[in-house]
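Read the numbers this way: they start at 1 and go in the same order the structure lists the ligands and their atoms.
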Amino acid sequence: MSTSTSPFLTETMKTAAAAQFARDGFFIAPRLIPTELLGRVRQQIDAVYAGEYETGIPPAGVPKASKEPPKSLVKIDNAHRSDRTIYELVSHPAIGRWAAALTGGKMIQVFATQLLIKPPGGQGGVNVGWHQDQEYWDGALQGEIFTAWVAISDVTAESGPMRFVRGSNHWGLLKAGDFFSDHLDALKQRIQEKSGGGAWSEVAAVLPPGGVSFHHRLTVHGSGPNLGPGPRVSFAIHLRTEKSGLRDGVKWQDAGYLNDFNDLQGSPVAHRET
Ligand SMILES: O=C(O)CCC(=O)C(=O)O
């Protein structure tokens, strides 16, 4: 795999990528994030994990600060509000450009992020249960919302990479998944039953540091244990286009970790068509 980043997108590449995203429900892009930025982000991840917040704003929820390596999956919501380098990563224009190419969006805006650290060792409490992202957003958001997932560490087949079920974006909203469950087989069975027997074909998103995958809000995905030598470190960046919005009657203060679209610190714009 090439170690150079890929800033340019030809019209032919865009058309082929958009067709693949629409068909499969995911797309694995070339390496998009420069090595120099990755190096700075790694340091800032350590700071946020230890409870040091450059902007003085803590992440959403009640993250536990620690100087010890984690033993179970760490999920820190909206660390980009706490740290300027992480903000620079999650709003990187290369992610915005690819997101626009895949969806046809004229505007790409981040509305939430998750720092995910999956420790090695293969113990329980590190899997991400099969789910569809829309299950978690359906009460508040509607329309074109999707996710970019950025590898900070080398995400190999052994390190518990995210796995996508090809074509499951066409199965509708099943509400049968659970991000927080370790029981992948039981969830798979429940999802397959609800889908009416959709063909289950898994694809592992193996990514180099700085590599990015994108997935549709209805694509079934999850991940297993990390059997590699080091932690699997990544950011899930939740994105929207102009064809999305807050559901009628919902107030931002009731939207949990989702950032108000009008608050550009929480919801940076990663791309706008000129
Ligand atoms: O990191 C993982 O294994 C899953 C992340 C996820 O569910 C997501 O990005 O939507």
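Annotation: Arg272, atom CZ; neighbour count of heavy atoms from other residues, nucleotides and ligands within 6.0 Å does not exceed 12. By the 6.0 Å contact criterion, CG on Asp254 is enclosed, its count of non-hydrogen atoms from other residues, nucleotides or ligands being greater than 12. No more than 12 heavy-atom neighbours from other residues, nucleotides or ligands sit within 6.0 angstrom of NE2 on His183.
Under a 4.0 Å heavy-atom criterion, His215 is in contact with ligand 1.
Contact annotation for His131 and ligand 1: only side-chain heavy atoms (C-beta onward) come within less than 4.0 Å of the ligand. Contacts of Arg232 with ligand 1, taken as heavy-atom pairs under 4.0 Å, involve the side chain alone.
The protein atom (non-hydrogen) at minimum distance from atom 3 (O) of ligand 1 is Ser223 OG, 2.6 Å. Taking atom 8 (C) of ligand 1 as the reference point, the nearest protein heavy-atom neighbour is His221 NE2, 3.5 Å.
Taking any N or O of Asp133, backbone or side chain, at least one lies under 3.5 Å from an N or O belonging to ligand 1. Between Trp149 and ligand 1, at least one N/O pair is under 3.5 Å apart.
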>> Please determine whether ring-ring contact (aromatic ring centres under 6.0 Å, His included) holds for the pair Trp149 and His221, giving the CA-CA distance in whole Å, both sets of side-chain angles, and the decisive distance to 0.1 Å.
In response: CA-CA 12 Å; Trp149 195 96; His221 58 287; 9.9 Å; no
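No continuous path of ILVMFWY side-chain contacts below 4.5 Å connects Val128 to Leu174, so the two sit in separate hydrophobic clusters.
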